[in-house]
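Just so it is clear, the structure is predicted and the values come from calculations on it, not from any experiment.
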Amino acid sequence: MTEAELLLQEKKKKKKNKKHRLELASEPGSPQETATEVDSVKTHKHKKKKSKGPEEDDFTPAEVPCGINEVKKKRKRETENLNVTRVMTEESADVAVPQEEEVKKKKKKKKRRIDEAVSAGESTEADVSPTLLQVDSEACYVPLTSSQQKTAKKSKSEKTRKNAPDMTPHLEDAVVQELKEFLPDFPFHNLKKVLSVIKYDLPRFREFKKQGIPVRTGKFTASENKKLQLNVKNFLLGCGIDRAAKLFKPYRFPDEKLTIMRQKRQLGYIRCLCAGIPRCWFTILGRARKMFDEENYMGKFTEDENKALKELHTLHGTNWKTISDKIGRSNEALKYRFAVMSEVYGPWSEVEMKTLLTSVRQLLLERAEPGADGSLIIKKSDLYKKLAWVYVAKQQQTRSYQQCRKRWMEYLTRRMSTGGTIKGRKSLNGQIQLIKALNEMAVEDPADIVWDDLTHLFGNTLPDFPRMRYYQLRLTYVPGWNTMPFCDVIDFLYEKVLPQLEAQLETCEEEDMPCEERQTYKLSEIFPDS
């Protein structure tokens, strides 16, 4: 029997017993004993053999010829390899997911180590160039994840800040001190605002200083309003925009918005707007927006507008831009109207007055200082300047912040003025002194009047009191005052009205009450019942 026939027979008769295979192998002249037997067997691929039966274990290897023994050993090794392969393929599905998770964990650990090294500033190659790998002396870039990129940027910015020179002392010494000369009450903690003022206002302020013109704050004068109107008209003519509404509210014109914004950048919109006005650029811009807003001067609010304002405020909160687009009023008008809206009007009850005094007293306690006799002393200006009236209105819950402020000013005037209420001879004498003081002032606009300097004329009152007295005098005695310049109004009061008031003072039989000018008060004088 040839070798090929033997192999074919073994393939077909896998289930035959071992004795029959030995008999076939022990025949004389069998080619299985030749040296070529093993070599020929190696060139063939056998199918996987099944596991041996119990009868096969009774035979010892010594009874088997050498060639067949080596073939069996090879087949056994192949069978074991096939079994191992089958087991691995069966378990691969269960092992694949944990292996992937382990690979991910290893990558995360490696990434965490790189991030820690970068953040700690270690002098490693990963720190110097985390995206650059040296492979066979050639540089290849490997993309980083988003977290690695953020970490690298953060570390780079930190290193830049550490290595960069500190410009804060230079800014404070060279620029901030100069700005404080022009704007002593400016909020220098707002760096963005400071930089904008340095860019737009500081060169103008230097020119005004050379010309002897002081930088102004507060209410705009008539001349400043005219100059601002002229600046806006000149800019509109230069850029070709037909309406001021497009200049200040370009978002309402989406088709022309890009063109308007480009022209504003190219022509220096802010600098043209501020030309010749000694004020900060943001106050000038706010004033211009209010002056040229067509929706800002539309008269008294109707009941429907008040109702719509409340409903829209409930939906949109303080997004006044959206509310303005829906109602058709300006942002400033809507803000003011909502602030003064109140469900309660008329006289104040005792409970409301007590709540008001309690809220204001809590604010004033933070400003008061202990005096020589142990009582709390507070400055006169601290009694009415920069009080948090929005907070007071929230505590009140029944009145607007304007109502709370007005009521407090009335109460404070009575507590501060010497001699009780201001009427009769005291009122006449105060009006006479007010007209004389205004005539002596070298001012051309009522916005230039410092009303704090005139509070002593009526018995040490608040600045609101002499200002209201001036308005009353102008309205009562000066015909056509709204069409007259301020200087003409003061001349009329001094020449025509002053003699009449002096004549009334001579016929008044009340005794004069001395006027006392004070700069500090005891807190117990303002709140005697507390």
Side-chain angles (χ1 to χ4, degrees), residues 300-301 303 306-307 309-310 313-314 335-371 373-427 430 451-452 455-469 471-472 510 513-530:
K300 187 178 180 180
F301 276 71
E303 293 296 332
N306 292 334
K307 184 178 179 180
L309 177 57
K310 291 181 180 179
H313 185 270
T314 303
K335 288 179 187 179
Y336 181 80
R337 181 58 185 169
F338 184 79
V340 300
M341 288 177 67
S342 177
E343 300 294 340
V344 181
Y345 295 95
W348 285 58
S349 64
E350 294 182 2
V351 177
E352 288 180 324
M353 196 63 195
K354 184 177 180 180
T355 305
L356 174 66
L357 296 179
T358 302
S359 302
V360 177
R361 189 175 185 277
Q362 291 177 356
L363 298 176
L364 297 181
L365 283 174
E366 301 176 358
R367 305 183 178 187
E369 299 177 356
D373 56 351
S375 59
L376 294 177
I377 304 297
I378 188 169
K379 295 181 181 179
K380 175 184 175 181
S381 59
D382 290 338
L383 289 170
Y384 56 89
K385 285 188 176 181
K386 297 181 179 180
L387 291 176
W389 292 113
V390 176
Y391 165 79
V392 175
K394 288 182 179 180
Q395 298 294 321
Q396 197 71 26
Q397 295 183 351
T398 57
R399 305 278 181 165
S400 66
Y401 83 90
Q402 287 283 4
Q403 290 175 313
C404 293
R405 181 186 180 278
K406 182 179 179 181
R407 184 58 178 170
W408 168 251
M409 290 299 182
E410 293 175 355
Y411 171 84
L412 190 60
T413 300
R414 293 195 301 268
R415 302 305 308 176
M416 291 175 58
S417 59
T418 55
T421 59
I422 303 173
K423 62 181 181 179
R425 190 177 185 87
K426 181 188 294 186
S427 177
W451 297 104
D452 286 316
T455 55
H456 64 283
L457 300 178
F458 294 90
N460 201 34
T461 58
L462 297 175
D464 290 351
F465 194 86
R467 180 167 59 245
M468 294 302 299
R469 281 292 184 266
Y471 293 156
Q472 290 177 358
E510 295 182 4
M513 298 294 297
C515 295
E516 179 184 6
E517 185 176 1
R518 299 177 58 179
Q519 298 300 326
T520 58
Y521 287 85
K522 292 182 179 180
L523 209 59
S524 58
E525 295 177 345
I526 306 300
F527 304 97
D529 298 334
S530 59

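- Counting all heavy atoms, side chain and backbone alike, Cys404 lies closest to Ala393 at SG-CA, 4.1 Å.
- Each of Trp408, Tyr384, Tyr411 was compared with Val360 under the side chain to side chain contact (heavy atoms under 4.5 Å, CB included) criterion, and only Trp408 meets it.
- In terms of heavy atoms, Pro463 sits closest to Thr455 at N-CG2, 3.6 Å.
- For the residue pair Tyr391 and Gln362, a side-chain donor N or O sits within less than 3.5 Å of a side-chain acceptor on the partner.
- Atom-to-atom distance recorded for Leu523:CG and Leu383:CG is 8.0 Å, nearest 0.5 angstrom.
- For the atom pair Glu350 CD and Thr355 OG1, the distance stands at 11.5 Å (nearest 0.5 Å).
- Within the model, atoms OG1 of Thr461 and CE of Met409 stand 11.5 Å from one another, a figure rounded to the nearest 0.5 Å.
- The distance from the NZ atom of Lys406 to the CH2 atom of Trp348 is 11.0 Å, given to the nearest 0.5 Å.
- Residues Ser375 and Ile377 are in side-chain contact: their nearest non-hydrogen atoms beyond the backbone lie under 4.5 Å apart.
- In terms of the side chain to side chain donor-acceptor pair (under 3.5 Å) criterion, residue partners of Glu525 (sequence neighbours excluded) are, by chain and number, Arg518.
- With a 6.0 Å radius and a threshold of 12 heavy atoms from other residues, nucleotides or ligands, Tyr336 has its OH atom at or below the threshold.
- Distance check, rounded to the nearest 0.5 Å: CG of Leu363 to CD of Gln395 gives 9.0 Å.
- Residues Leu356 and Arg407 meet the side-chain proximity criterion, which asks for heavy atoms closer than 4.5 Å.
- For Asp464, the salt bridge (charged side-chain N to carboxylate O under 4.0 Å, His left out) test picks out Arg405, Arg467, with sequence neighbours left out.
- For residues 380-396, the set of pairs meeting the salt bridge (Lys or Arg N to Asp or Glu O under 4.0 Å) definition, not counting sequence neighbours, comprises Lys385-Asp452.
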(request) Apply side chain to side chain contact (heavy atoms under 4.5 Å, CB included) to the pair Glu410 and Thr413, showing each step before the final yes or no. (result) CA-CA 5 Å; Glu410 293 175 355; Thr413 300; 5.9 Å; no

(request) Apply the test side chain to side chain contact (heavy atoms under 4.5 Å, CB included) to residues Leu365 and Ile378: give CA-CA distance (whole Å), side-chain angles for both, the deciding distance (0.1 Å), then the verdict. (result) CA-CA 9 Å; Leu365 283 174; Ile378 188 169; over 6 Å; no

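- The shortest side-chain heavy-atom distance between Ile526 and Arg361 does not fall under the 4.5 Å cut-off.
- Only one option out of Gln397, Arg399, Gln403 pairs with Glu352 in a side chain to side chain donor-acceptor pair (under 3.5 Å); it is Arg399.
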(request) Apply the test side chain to side chain contact (heavy atoms under 4.5 Å, CB included) to residues Val392 and Leu387: give CA-CA distance (whole Å), side-chain angles for both, the deciding distance (0.1 Å), then the verdict. (result) CA-CA 9 Å; Val392 175; Leu387 291 176; over 6 Å; no

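- For the atom pair NZ (Lys310) and CZ (Phe338), the distance works out to 8.5 Å, reported to the nearest 0.5 Å.
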